[in-house]
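Here the structure is laid out as structure tokens; the discussion comes afterwards.
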Amino acid sequence: MIPIDSLIGSGRKQISFAEVPVDKATEYAAEDADFTLRLYEALAPKVREAGLEPLLLEVEQPLVPVLMDMERTGVLLDVEVLAKQSKVLEKRLVEIEHDIETLAGYKFNINSTQQLQKVLFEDLKLPTKGKTAKGTGFATGQSVLEELADLHDLPRLVLEYRELAKLKGTYIDALPTQVDVAGRVHTSYHQTVAATGRLSSQDPNLQNIPVRTEVGRQIRKAFVASPGCVLLAADYSQIELRILAHIADDETLKEAFANDEDVHRRTASEVYSVALKDVTSEMRAVAKTANFAIIYGVSAFGLSQQTDLSVAEAREFIDTYFKRYPRVKEYMDGSIRKAREEGFVSTLLGRRRFLPEIHSDNRQRREFAERIAINTPIQGTAADLIKVAMIRIHAAMAPLKSRMILQVHDELVFDVVTSEKENVAELVTREMEGAMQLSVPLKVDLGSGPNWLEAK
DNA sequence: ACTATCACG
DNA sequence: ACGTACGTGATAGTA
């Protein structure tokens, strides 16, 4: 949990002994008085030369006790809710297994991609859609099965089986085994894992609790408030696009946020050259996907895969997008140029990510580095921003009994004593929206309820 | 230990 | 012609 090496960004191996939990480092320091000193002397000049002292001293280090409190507090889990869901899913999984067996003509392990390939591509003679990443076989992932579902019922059943088996195995049955005697689960947050400066969460990961499917969402009902409390969830609205608007200094994008517009609708209106009121839901959906694509570093192929657009149509969409948002294009080119010239890209608070592959002769590697050069300043600035908010919120909440319990990249969740609810809602909104002064307003959406599902 | 898959932002 | 969106972590199967 000592966050120093993420600030250096190179020489990780030499200083990897810095990656020990805080309590272990304390233990080592007690046994070996030289430990902390050697660590400090090796790293301090590097941090200072890189201009990273403010980020270290004002963000990463103050965040440590905040995360400690969140980890120690944990979140109350209603294991009864999960036990009921487990039984329902078990029953449905057995039904699906039976139906799949009937269609295949024999029993097989649906979890085995090898056995599934044999059924799909040898027995049923369905068309293959490409190899897996490592080329060890034919892909059977979600997008492949969705295409095959038009040709046969079995792929659709496998998709349903996969969804339910994932939810049951990773969350519904796993989480109850990880509660403490008080019925609470405690994650570990890591400050030095994600290359962009985001936190990561493990054992258990509480940053990937399902929400996208209806069955998955129900799992959030098991994350409940403590007695006498409610859960309050606060999430940044469109944080990465707002940061893009600020960094790129694009007038159209800034205006959309200044007016609190529906930014995807505005993008569709700009690119398709129609009035806001004439934007169809299809146009808005494409624009929404395109806005994500922009943040990740666009490719026409990638956009075409995620939409109904052909590669040519996707290319035209992107061209038009850059005509309407020229500063966004300039930002992207500038970020890639910076990576080439300086060897790294930076977030608003100066956090660095080194990109040696930006000079690679291998086009695939080089273009990957270019997309990282585009994405990291955006994703990393969002990480900077919420960390600042967390530190200020933690300080402001010190006199209160309510607790910050979860961080999910652009969202904070609080276990709030009922009588403190108005107070906490006000201070959370104020500190999140005021964490940084950008050229666009920051907006936070709040919700509360007896569990995480109803708080969103 | 590695691979494929899929959960989240 | 080529391979293709950014960042993570957990699970099950397989070698």
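Letters A, B, ... are given to chains in the order of the sequence lines, protein chains preceding strands, and every chain is numbered from 1.
Listed by chain and residue number, A/F354 satisfy the ring pair (Phe, Tyr, Trp, His ring centres under 6.0 Å) test with A/F344 (two or more places apart in sequence, or in another chain). By the side chain to side chain donor-acceptor pair (under 3.5 Å) test, A/H264 is found to be paired with A/Q238, A/N291, residues two or more places apart in sequence or in another chain being considered. Listed by chain and number, the residues in a side chain to side chain donor-acceptor pair (under 3.5 Å) with A/R337 amount to none (sequence neighbours excluded). For the ring pair (Phe, Tyr, Trp, His ring centres under 6.0 Å) test, residues two or more places apart in sequence or in another chain that qualify with A/Y272 are A/F317. A search for ring pair (Phe, Tyr, Trp, His ring centres under 6.0 Å) contacts involving A/F138 returns A/F121, not counting sequence neighbours.
Within residues 361-376 of chain A, the residues having any heavy atom closer than 4.0 Å to DNA chain C are, in order of number, A/R363, A/Q364, A/E367, A/F368, A/R371, A/I372, A/N375. Near DNA chain C, defined here as any heavy-atom distance below 4.0 Å, the residues from residues 291-328 of chain A are A/A293, A/Y296, A/S299, A/F301, A/Q306, listed numerically.
A salt bridge (charged side-chain N to carboxylate O under 4.0 Å, His left out) check over residues 217-226 of chain A, counting only residues at least two apart or in different chains, returns the pairs A/E214-A/R217. Residue pairs satisfying the salt bridge (charged side-chain N to carboxylate O under 4.0 Å, His left out) criterion with at least one member in residues 286-308 of chain A, sequence neighbours excluded, are absent.
A/E163 places no side-chain N or O within 3.5 Å of a backbone atom of A/L159 that could act as its donor or acceptor partner. Within the 3.5 Å criterion, the main-chain N or O of A/T136 finds a donor-acceptor partner in the side chain of A/T132. Judged by distance alone, with hydrogens and angles left aside, the side-chain atoms of A/K456 form no donor-acceptor pair with the main-chain N or O of A/S448 at under 3.5 Å.
Under 4.0 Å is where a charged nitrogen must lie from a carboxylate oxygen, and between A/R351 and A/D384 at least one such pair does. Ion pair A/R366/A/D361 not flagged as a salt bridge, since none of the NZ, NE, NH1 or NH2 atoms sits closer than 4.0 Å to an Asp/Glu carboxylate oxygen. Under a 4.0 Å N-O distance rule, the pair A/D415/A/R184 qualifies as a salt bridge. In this structure, A/E90 pairs ionically with A/K168, as a charged nitrogen and a carboxylate oxygen lie closer than 4.0 Å.
Among the protein residues, A/D235 comes within range of no part of the nucleic acid, since none of its heavy atoms lies under 4.0 Å from any strand. Using a 4.0 Å heavy-atom cutoff across all strands shown, A/A174 reaches sugar-phosphate atoms only and no base atom. When heavy atoms are screened at a 4.0 angstrom cut-off, A/S188 is found touching no nucleic acid atom at all.
Nucleotides C/dT4 and B/dA4, compared at atom P, are 12 Å apart to the nearest Å. Comparing the C1' positions of B/dC8 and C/dG3 gives an interatomic distance of 26 Å, to the nearest angstrom.
Residues A/Q114 and A/A290 each lie close to DNA chain C; by heavy-atom proximity, the contact nearer the 5' end of the strand is made by A/A290. When the nearest nucleotides of DNA chain C are assigned to A/Q178 and A/T289 by heavy-atom distance, the more 5′-ward of the two goes with A/T289.
In the 5' to 3' direction, nucleotides of DNA chain C lying under 4.0 Å from heavy atoms of chain A begin and end at C/dA1 to C/dA15.
DNA chain C forms stems at B:1-9 with C:6-14, each a run of 3 or more consecutive Watson-Crick or G-U wobble pairs whose two key distances fall under 3.5 Å.
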Can A/K91 and A/E95 be said to form a salt bridge (Lys or Arg N to Asp or Glu O under 4.0 Å), step by step? CA-CA 6 Å; A/K91 183 163 168 285; A/E95 285 174 9; 3.7 Å; yes

Evaluate A/K338 against A/E342 for salt bridge (Lys or Arg N to Asp or Glu O under 4.0 Å), listing each step before the verdict. CA-CA 6 Å; A/K338 174 181 153 92; A/E342 302 185 45; 3.7 Å; yes

What one-letter contact string describes nucleotides 2-8 of chain B from 5' to 3', where B marks a base within less than 4.0 Å of any protein heavy atom, S marks contact via sugar-phosphate atoms alone, and - marks no contact? -SSBBBB

